[in-house]
**Student:** 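My questions all concern the structure below.
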Amino acid sequence: MLPSFFESVLQLIVRTSTDLPPDVRAAMKTALHGEPEGTRASQALTIIAQNIDLAVDNEGAICQDTGMPTFEVKTPVGANQIWMRRQIREAVAEATRRGKLRPNSVDSITGKNSGDNLGPGTPIVHFDQWEKDEIEIRLILKGGGCENTNAQYAVPVELPHLGRADRTLDGVRKCILHAVWQAQGKGCSPGAVGVCVGGDRTSGYLHAKEQLFRPLDDVNADPRLAELEASIMSTVNDLEIGPMGFGGKVTLIGCKIGALNRLPASFFVSVAYDCWAFRRLGVVLDASTGAIDRWLYRDPAHPIIPMLDQAGFTRTGREVALEAPLSEADVRALKVGDVVMISGRMFTGRDAVHSHLMKHEPPVDMRGSVLYHCGPVVVKEGDGWRVTAAGPTTSIREEPYQGEIIKRYGVRAVIGKGGMGAKTLAAMKDHGAVYLNAIGGAAQFYARAIKKVADVSLMEFGTPEAMWHLEVEDFPAIVTMDAHGNSLHKDIEQESGQHLETIGV
Ligand code: SF4
C-alpha cells in the first residue's frame, strides 16, 4: 500500500490542531488592530493572539475542544478507499494518544467516552474520486461551542428584529445576520460562517460546512454570491457583538456562501458557524507513496509570523486579585466589566458533573469555590497529571442546573464562556455569586495559569468530564454577570438587536 500515508495524515491532524492557517492568522491580526487598546475586546483578542503563538511553540492544541475531525478526501480512480479510511481512523487514535486531540467521541445514549475519538460517526470522512494522479486530504476541526450555534432556516420566515425573510437573496442575507446575532459570543467570536442556500436539510448543512474549506480571502466565483458575501462583511460588524460577545468592532472574520438546487417546495438557508479557532488545513499526497507533496492553505516559503511582538497579558492596573476560596463579600464587591486575576483552587465541571451534582452530594467541599466550565486535555505524568489545554466551554448548557448548584453548595464564582441565563443570574443575586467570562478557545494560555493538578474526582466520567482540582495563579477573566443582577450578555444581546434592526432593513 502507501507506506507514508499514515504518517502524512498524522502530520495533517497535528498541524491542523496546533497551527492556524495564514488566512485565519491574517484575519485575526486585522481584528486585533481593529479594537481600541485597553478595551475588553482588545484584551480578549490579545489573549487569543498569545494563545495562537503558544500553541505553535508548544505544538499544543489551540483549543481544548479539538472538535469533530472532518476529512474531505479526493482520490485517483481505483484507489483503495476502504484501506485509507482505516488508516485515517488509526491516525486519529494516535493523535489522541499523543494529546493533540482531546478524547471527544461519546456514546450518545450512555455518554461514555470512547477515549480514542473513534466511534459510530467519528471521525467524519467523505471520499470523492477525481481524475488526477494525486490524493488530496482536507481536514477541519470544528468544536462543539460553535457547532451548537449553527442555524437552519426554512424561508419564508419571520425573524426577530428583521421581519420577514423571503425566498430571495435579501431573505438569505437576513437569515445570515440573524444567525450571527443569535450566536452572540457563544461560538467564540469573532467567527466565520459557511452558508448554503438551498439543498435539503442534510445536504444544506453539509454544503454550508464545506464552504469553510474556502480561504477567507478568496472571492466567490458566482458574482451574485460574491456580492452577498461582501454585503454581509461590510455590515455585520456594526452589530457590535465583538470578540467573545463582550461588545466591540469585530464580530465576524469571514462569510462564504454556496448554493445547491432545491425542491420547489423547500427553501433552506443553512449556516455553519466556526469560531476564531478556525482549524483547517490540507495536504496533497503522492499517489504512489502517500508522502506529503505540498500543503494547502500554507506557503512553506513563508515562515509563521507571530501574532504578538511581546508575550504576556496586558495589565491595565485595574485588575482585581482574588484568592479562592472566595467569601460572599469578595464577590458582592465585583461588578460587570471588572477584570479579575484568580489564584488558589478551582474545580472543573461540565455536563456530567452538573448532572451528577443535582442528584448527589459533591465529592469536595464547594463552599466558596470557583467552578470552571472546562473539559481540559490532561496527560498522565508519573503518578500525577499535567494539563496541556484548558479553555472554557460554553456555559449556557448548564443553565438548567447552575442556579440550584450555587444555592445548594455555596459556589461563589462560575467561570465559562458565552454567559448564562436569567435563572442563574437570579441565583447569583440571591446567594452571592458571579459569572466570570474566560476567553473561549484560549486553551494554551489558560493551561499556563494552572500550576498544579492537586487531585481529580469523578474520573468515571472520562477525562474531559471529570472534576479536576486545579491550583491556579493569576488566571484572568472578566466579570460579565455580577451579584447585583447585571449581565453584560443580556445588555449586548439587546443592544445588538437594535443594531440588527438598523442594518437589517
Ligand atoms: S474556540 Fe470556542 S467554539 Fe471554538 S472549539 Fe474552542 S471552545 Fe469551541
Side-chain angles (χ1 to χ4, degrees), residues 13 16-21 24-25 27-28 31 44-55 60-70 100-105 117 122-123 139-151 179-180 182-194 209 212 241-246 250-254 271-281 307 348 350-351 372-377 387-398 415-419 437-447 464-465 477-478 480 489:
I13 298 168
T16 309
S17 181
T18 60
D19 187 1
L20 281 188
V24 179
R25 284 170 167 271
M28 289 303 292
L45 286 174
T46 306
I47 289 177
I48 287 172
Q50 193 180 342
N51 187 75
I52 294 170
D53 288 342
L54 281 170
I62 294 165
C63 177
Q64 78 290 336
D65 184 353
T66 52
M68 173 64 85
T70 304
K100 307 302 177 188
L101 296 178
R102 184 180 68 179
N104 247 356
S105 174
N117 270 313
T122 322
L139 168 63
I140 192 163
L141 299 170
K142 186 171 181 298
C146 54
E147 186 68 13
N148 291 345
T149 62
N150 288 357
V180 175
Q182 190 169 249
Q184 293 286 310
K186 298 184 192 79
C188 289
S189 53
V193 289
K209 195 170 182 181
L212 297 170
I241 293 168
M244 292 298 127
F246 290 167
V250 189
T251 301
L252 212 60
I253 56 171
V271 181
Y273 189 105
D274 208 343
C275 51
W276 68 260
F278 190 160
R279 293 151 291 176
R280 61 115 164 79
L281 275 178
M307 296 289 294
T348 66
R350 38 184 272 163
D351 309 70
Y372 186 18
H373 293 164
C374 171
V377 180
V387 173
T388 61
T393 191
T394 309
S395 298
I396 197 69
R397 298 197 307 272
E398 316 312 339
I415 306 179
K417 73 174 172 83
N437 207 120
I439 308 307
Q444 294 298 315
F445 177 87
Y446 286 116
E465 297 282 347
I478 297 174
T480 52
H489 309 283

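Please read all numbers here as calculations on a predicted model, not as lab measurements. All ligand and atom numbering here is 1-based and tracks the order in the structure. Numbers for residues simply follow the sequence, beginning at 1.
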**Student:** So if I count the atoms of ligand 1 from 1 in the order they appear, which ones are less than 4.0 Å from some heavy atom of A277?
**Tutor:**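 What qualifies from ligand 1 is 1 (S).
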**Student:** Specify side chain, backbone, both or neither for K417, according to which of its non-hydrogen atoms lie closer than 4.0 Å to ligand 1.
**Tutor:**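 The part of K417 near ligand 1 is the side chain, not the backbone.
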**Student:** Closest non-hydrogen protein atom to atom 4 (Fe) of ligand 1, residue and atom name please, with distance?
**Tutor:**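 Protein heavy atom with the smallest distance to atom 4 (Fe) of ligand 1: C275 SG, 2.3 Å.
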**Student:** Got the closest protein heavy atom to atom 6 (Fe) of ligand 1, with its distance?
**Tutor:** C63 SG, 2.2 Å
**Student:** If only side-chain N and O atoms count, and only distance matters, is there a donor-acceptor pair under 3.5 Å linking E147 with N150?
**Tutor:**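 Yes, E147 and N150 have a side-chain donor paired with an acceptor closer than 3.5 Å.
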**Student:** For a side-chain contact (heavy atoms from CB on, under 4.5 Å) with F246, tell me which candidate from L45, I241, N437 qualifies.
**Tutor:**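 Checked L45, I241, N437 against F246; only one passes side-chain contact (heavy atoms from CB on, under 4.5 Å): N437.
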**Student:** Counting from 1, what ligand 1 atoms have a heavy atom of G441 closer than 4.0 Å?
**Tutor:**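 Ligand 1 atoms under the 4.0 Å threshold to G441: 1 (S), 6 (Fe).
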**Student:** Decide whether S395 and H373 meet the rule of one side-chain donor and one side-chain acceptor closer than 3.5 Å.
**Tutor:**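 Yes, H373 and S395 have a side-chain donor paired with an acceptor closer than 3.5 Å.
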**Student:** List every atom of ligand 1 that sits less than 4.0 Å from any heavy atom of R279, numbering the atoms from 1 in the order shown and giving each element.
**Tutor:**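 It comes down to these atoms of ligand 1: 5 (S).
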**Student:** Is R25 paired with D19 through a side-chain N to carboxylate O contact shorter than 4.0 Å?
**Tutor:**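 Looking at D19 and R25, the cut-off is met.
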**Student:** Between T16, I48, N51, which is the residue that forms a side-chain contact (heavy atoms from CB on, under 4.5 Å) with I62?
**Tutor:** N51
**Student:** Under 2.8 Å from atom 2 (Fe) of ligand 1, can any N, O or S atom of C188 be found?
**Tutor:**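 For C188, the answer is yes, given that an N, O or S atom comes within less than 2.8 Å of atom 2 (Fe) of ligand 1.
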**Student:** What are the atoms of ligand 1, with element, lying closer than 4.0 Å to any heavy atom of G143?
**Tutor:**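 In order of number, 5 (S).
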**Student:** Tell me which protein heavy atom sits closest to atom 8 (Fe) of ligand 1, plus the residue, atom name and distance to 0.1 Å.
**Tutor:** G145 N, 3.8 Å
**Student:** List ligand 1 atoms under 4.0 Å from D65, heavy atoms only on the residue side.
**Tutor:** 5 (S)
**Student:** For ligand 1, is M68 a contact, meaning one of its heavy atoms is under 4.0 Å away?
**Tutor:**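 No, that is not the case, since the closest heavy atom of the residue is not under 4.0 Å from the ligand.
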**Student:** Y273 and S189: side chain to side chain contact (heavy atoms under 4.5 Å, CB included), yes or no, with the steps?
**Tutor:** CA-CA 9 Å; Y273 189 105; S189 53; 3.4 Å; yes
**Student:** Are E465 and R350 within salt-bridge range, i.e. N to O under 4.0 Å?
**Tutor:** yes
**Student:** Hydrogens and angles aside, do K417 and T394 bring a side-chain donor and acceptor to less than 3.5 Å of each other?
**Tutor:** yes
**Student:** Is atom 4 (Fe) of ligand 1 under 2.8 Å from any N, O or S atom of C146?
**Tutor:**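 Checking C146: none of its N, O or S atoms is under 2.8 Å.
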